[in-house]
Amino acid sequence: MPMGIAMGPCGRLYVADYGNDSIRCVDRDGNVSTVAGRPWQPGEAVGRSIDGDLTVARFNDPNSVAVASDGTIYVGEDAGKCVRQIRQGVVSTVC
């Protein structure tokens, strides 16, 4: 379920996908890709944020997104109650 959307400096749209705990990117041709995150699977410790590279980082109900002029993506988490940063292939918590 898309909750927040922002346009990046290259014209791509970034979407906070609340229902799938992911950040998506829509390019100018309409192609959708996952930047970071994935849905929690049965048996996983749901409800926590995990920092790290794009392949392991996890989000906790992302509901807003903003993109800086340098391409850094900022994500607000509803359940996680924090702001996350995606920069140079790494997700980190900034608050």
Side-chain angles (χ1 to χ4, degrees):
M1 165 181 13
M3 292 292 286
I5 188 167
M7 184 174 289
C10 296
R12 294 183 179 117
L13 294 177
Y14 292 89
V15 179
D17 186 345
Y18 186 90
N20 289 302
D21 293 306
S22 303
I23 305 305
R24 311 280 191 197
C25 177
V26 183
D27 69 18
R28 291 177 182 222
D29 295 324
N31 300 306
V32 179
S33 61
T34 300
V35 176
R38 66 176 172 81
W40 293 94
Q41 301 300 313
E44 290 183 313
V46 177
R48 61 188 183 109
S49 304
I50 300 173
D51 289 342
D53 68 43
L54 298 177
T55 62
V56 300
R58 302 299 295 278
F59 293 91
N60 190 6
D61 295 341
N63 67 346
S64 59
V65 63
V67 184
S69 61
D70 68 355
T72 301
I73 303 167
Y74 294 94
V75 179
E77 287 187 337
D78 185 28
K81 305 283 188 245
C82 63
V83 175
R84 312 285 298 290
Q85 169 181 281
I86 303 172
R87 184 172 182 212
Q88 298 178 346
V90 176
V91 178
S92 57
T93 303
V94 294
C95 67

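All values derive from a computational prediction rather than experimental measurement. Because only heavy atoms are used, hydrogens play no part in the values below, and waters and symmetry mates are left out as well, while side chains stay in.
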- For Val65 and Tyr14, work out which heavy atoms get closest and say how close. CG1-O, 3.4 Å
- Using the test side-chain hydrogen bond (donor to acceptor under 3.5 Å, both in side chains), find all partners of Ser49 that sit at least two apart in sequence or belong to another chain. Glu77
- Honestly curious: do Leu13 and Val32 fall in one hydrophobic cluster under the side-chain, below-4.5 Å linking rule? yes
For residues 85-95, tabulate all N or O donor-acceptor pairs below 3.5 Å that involve a side-chain atom, not counting sequence neighbours.
unit_1 : atom_1 : unit_2 : atom_2 : d
Thr93  : OG1    : Asp51  : OD1    : 3.0
Thr93  : OG1    : Asp51  : OD2    : 3.2
Thr93  : OG1    : Arg84  : NE     : 3.2

- Message: Tell me the closest heavy-atom pair linking Ala68 and Tyr74, and the distance in Å.
- Response: CB-CE1, 4.1 Å
- Would you check if Pro9 and Ser69 make a side-chain contact, meaning some heavy-atom pair closer than 4.5 Å? no
- Task: List in chain and number order the residues that pass side-chain hydrogen bond (donor to acceptor under 3.5 Å, both in side chains) with Asp21, two or more places apart in sequence or in another chain; answer none if no residue qualifies.
- Result: Trp40
- Looking only at heavy atoms, which two atoms of Gly52 and Ala57 are closest? And how far apart? O-CB, 3.8 Å
- Message: As an exercise, state the distance from CE of Met7 to CZ of Arg12, rounded to the nearest 0.5 Å.
- Response: 12.0 Å
- Do Ile73 and Val15 share a hydrophobic cluster, counting only Ile, Leu, Val, Met, Phe, Trp and Tyr and linking them when any side-chain heavy atoms are less than 4.5 Å apart? no
- Message: Under the rule for side-chain hydrogen bond (donor to acceptor under 3.5 Å, both in side chains), what residues qualify as partners of Asn60, not counting sequence neighbours?
- Response: none
- Message: I'd like to check the side-chain hydrogen bond (donor to acceptor under 3.5 Å, both in side chains) partners of Thr55; sequence neighbours left out, ordered by chain and number.
- Response: Asp53
- Sorted by first residue and then second, give each salt bridge (charged side-chain N to carboxylate O under 4.0 Å, His left out) pair with at least one member in residues 54-64; sequence neighbours left out. Glu44-Arg58
- Message: Same cluster or not: Val67 versus Val26, using hydrophobic residues (I, L, V, M, F, W, Y) connected whenever any side-chain heavy atoms lie under 4.5 Å apart?
- Response: no
- Item | Atom pair SG/CZ of Cys82 and Phe59 - distance to nearest 0.5 Å | 9.5 Å
- Can you check whether Pro62 reaches Ser22 side chain to side chain, under 4.5 Å on heavy atoms? no
- If you round to the nearest 0.5 Å, how far is OG1 of Thr34 from CD1 of Ile23? 9.5 Å
